[in-house]
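Take a look at the structure below.
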Protein chains: 2
Amino acid sequence: METRVDGRLVRGDQTRRAVLRKAVDIASVDGLEGLSIGRLAKELEISKSGLFAHFGSKEELQLATIRAARRIYATSVVEPAFAVEPGLGRVWALSESWLEYSKRRVFPGGCFFAKASHEYGARRGPVHDFLAEVNREWIQLVEQTITEAVDRGELAADPVQLAFELNAFYDSANMASLLRDGDGRVYAQARQSIRARLEAAATAGTALPW
Amino acid sequence: METRVDGRLVRGDQTRRAVLRKAVDIASVDGLEGLSIGRLAKELEISKSGLFAHFGSKEELQLATIRAARRIYATSVVEPAFAVEPGLGRVWALSESWLEYSKRRVFPGGCFFAKASHEYGARRGPVHDFLAEVNREWIQLVEQTITEAVDRGELAADPVQLAFELNAFYDSANMASLLRDGDGRVYAQARQSIRARLEAAATAGTALPW
DNA sequence: GAACTAATAATACGATCGTTCGTATAGTTT
DNA sequence: AAACTATACGAACGATCGTATTATTAGTTC
């Protein structure tokens, strides 16, 4: 089966990809508002109008940037954890991959979503709504991961409550690291809080994954 | 002793105060970058150049805005807690006043410092540095408050670690509430996490303040 | 009341913002 | 080769940005 590819569409896709790769980096540092079309075009050495044509509006560019960031987030945070068996081990793996995702600066400005969510948290419109949806998605994933550990009898805790707490540790480590100019010690601190919390919730006889 | 007041300086101070009161509100929603001089002047119905003359540069306006926000933060978060005796009671009071500060939207965009710190976390310059300093100040205050409870034998915990965790709960509740359009339930959730954490760290026989 | 000072205003500058329009180029289809 | 389509470009739009210069007004001091 021969797959015909339209060279024009391929070229467009490549441009689009290059734009979004740069866009998530800029936005993670300067925000989705600071992400200006002119600057983006200049850094990529393409025309402002050509870039604009790909999205039609700044808001669409912002939404596309969030989608691109979500893909990167999925591969660098979720996927590594899901390679581990469900249960406490996966809860721990998820925590580890999150901290590594922030510490390694997958986005140069730290967690893209922490940044964007704060930027648009108090505003209305499609960007806020989309970020809220992504956040719901993420929290639900953490809760689900915890629930699996509870169902296996490895953890005794309210998944909603525990998910809130773990997520709080993630975000707080991220922000503290940014404010302290990339100080890595806060990640060790967060890791210890997470471990202590999970250890307290682990049922007797459960093998601890660290 | 007669105190001579210069009516011109009084007028200037009043303007300055009015500007900063509006500035913190705008910045808490649209950020310190979104806080534009033209918009600020328009909303206050004064001239752009007259407003500008008060600060000399946008960066100075931003720094002044942060200082103004810190004063508001001190009176609405720190002072109520410091009315309570040092010890576990004060730790709890601090947590309560923080959650109320966020929930009541003392700043319309939620916690001013969570917002600004994320905005400038990954940038360099005086604004970042000042926000980092304010954050250090705050964390140290939480640690000190916890240390007092430990010294009184009411709490058994590492103050640095526990301060990190409580602060994480504060910020996380704030952000979740913003993303969920002011949903107040997240504060009850945070309160429960805080109470559970403090209860676990409280020494036997200590009267619990809730 | 004249001289002086501090706060406010009017106007304009160059830069950049998001967006629109007309056109040129690259690639496909007939 | 002609007709068509998708992508990219150049130039310009009106609006707004931060900032500088110059003038006006309100209040003090002599």
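Remember, it's a predicted structure, so these values are computed and weren't measured experimentally. Residue numbering restarts at 1 for every chain, and letters A, B, ... go by the order of the sequence lines.
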Below 3.5 Å between N/O atoms, which protein atoms pair up with nucleotides 14-20 of chain D? Just atom names and distances, please.
| from | atom 1 | to | atom 2 | distance (Å) |
| --- | --- | --- | --- | --- |
| D:dC17 | OP1 | B:Ser36 | OG | 2.6 |
| D:dG18 | OP1 | B:Lys58 | NZ | 2.7 |
| D:dG18 | OP2 | B:Ile37 | N | 3.1 |
| D:dG18 | N7 | B:Lys48 | NZ | 3.2 |
| D:dG18 | O6 | B:Lys48 | NZ | 3.4 |
| D:dT19 | OP2 | B:Lys58 | N | 2.6 |

What nitrogen or oxygen pairs link the protein and nucleotides 2-6 of chain D at under 3.5 Å?
| from | atom 1 | to | atom 2 | distance (Å) |
| --- | --- | --- | --- | --- |
| D:dT5 | O2 | A:Arg8 | NH1 | 2.3 |

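For the helix from C:dG1-D:dC30 to C:dT30-D:dA1, the rotation axes defined at the first and last 5 base pairs enclose an angle of 0°, given to the nearest 10°.
Note: CG (B:Leu44) to C1' (C:dA9) measures 15 Å, nearest angstrom. When the C1' atom of C:dT8 is taken as reference, atom CZ of B:Phe55 falls 14 Å away, rounded to whole Å. In this structure, CD1 of A:Ile46 is placed 14 Å from C1' of D:dG10, rounded to the nearest angstrom.
Between B:Glu100 and B:Arg104, at least one side-chain nitrogen of the basic residue sits less than 4.0 Å from a carboxylate oxygen of the acidic one, meeting the salt-bridge criterion. Here A:Glu137 pairs with A:Arg70 in a salt bridge; the nearest charged N to carboxylate O distance falls below 4.0 Å. Residues A:Arg39 and A:Asp30 are paired through a salt bridge, judged by an N-O separation under 4.0 Å between the basic side chain and the carboxylate. Between B:Arg191 and B:Glu96 there is a salt bridge, since a side-chain N of the basic residue sits under 4.0 Å from a carboxylate O of the acidic one. Ion pairing between a basic and an acidic side chain is recognised when a charged N comes within 4.0 Å of a carboxylate O; B:Arg123 and B:Glu33 show such pairing.
Judged purely by atom type and a 3.5 angstrom limit, B:His128 uses its side chain to pair as donor or acceptor with the backbone of B:Gly121.
Residues B:Met175 and A:Asn135 are in side-chain contact: their nearest non-hydrogen atoms beyond the backbone lie under 4.5 Å apart. The shortest distance between side-chain heavy atoms of B:Phe169 and A:Phe169 falls below 4.5 Å. Annotation: side chain of A:Leu40 is in contact with side chain of A:Leu61 (closest heavy-atom distance under 4.5 Å). B:Asp158 has its side chain out of reach of B:Glu143: every pair of non-hydrogen atoms, C-beta onward, lies at least 4.5 Å apart. Residues B:Ile72 and B:Val24 meet the side-chain proximity criterion, which asks for heavy atoms closer than 4.5 Å.
Among residues two or more places apart in sequence or in another chain, the ring-ring contact (aromatic ring centres under 6.0 Å, His included) test is passed with B:Phe113 by B:Tyr73. Partners of A:Thr145 according to the side-chain contact (heavy atoms from CB on, under 4.5 Å) rule, which considers only residues two or more places apart in sequence or in another chain, are A:Phe82, A:Arg90, A:Val91, A:Leu94, A:Leu141.
Against DNA chain D, the stretch residues 13-27 of chain A makes heavy-atom approaches under 4.0 Å through A:Thr15.
Phosphate proximity of D:dA8 to A:His54: present, with a side-chain N or O under 4.0 Å from OP1 or OP2.
The residue A:Ala53 sits apart from the nucleic acid: no heavy atom pair falls under 4.0 Å.
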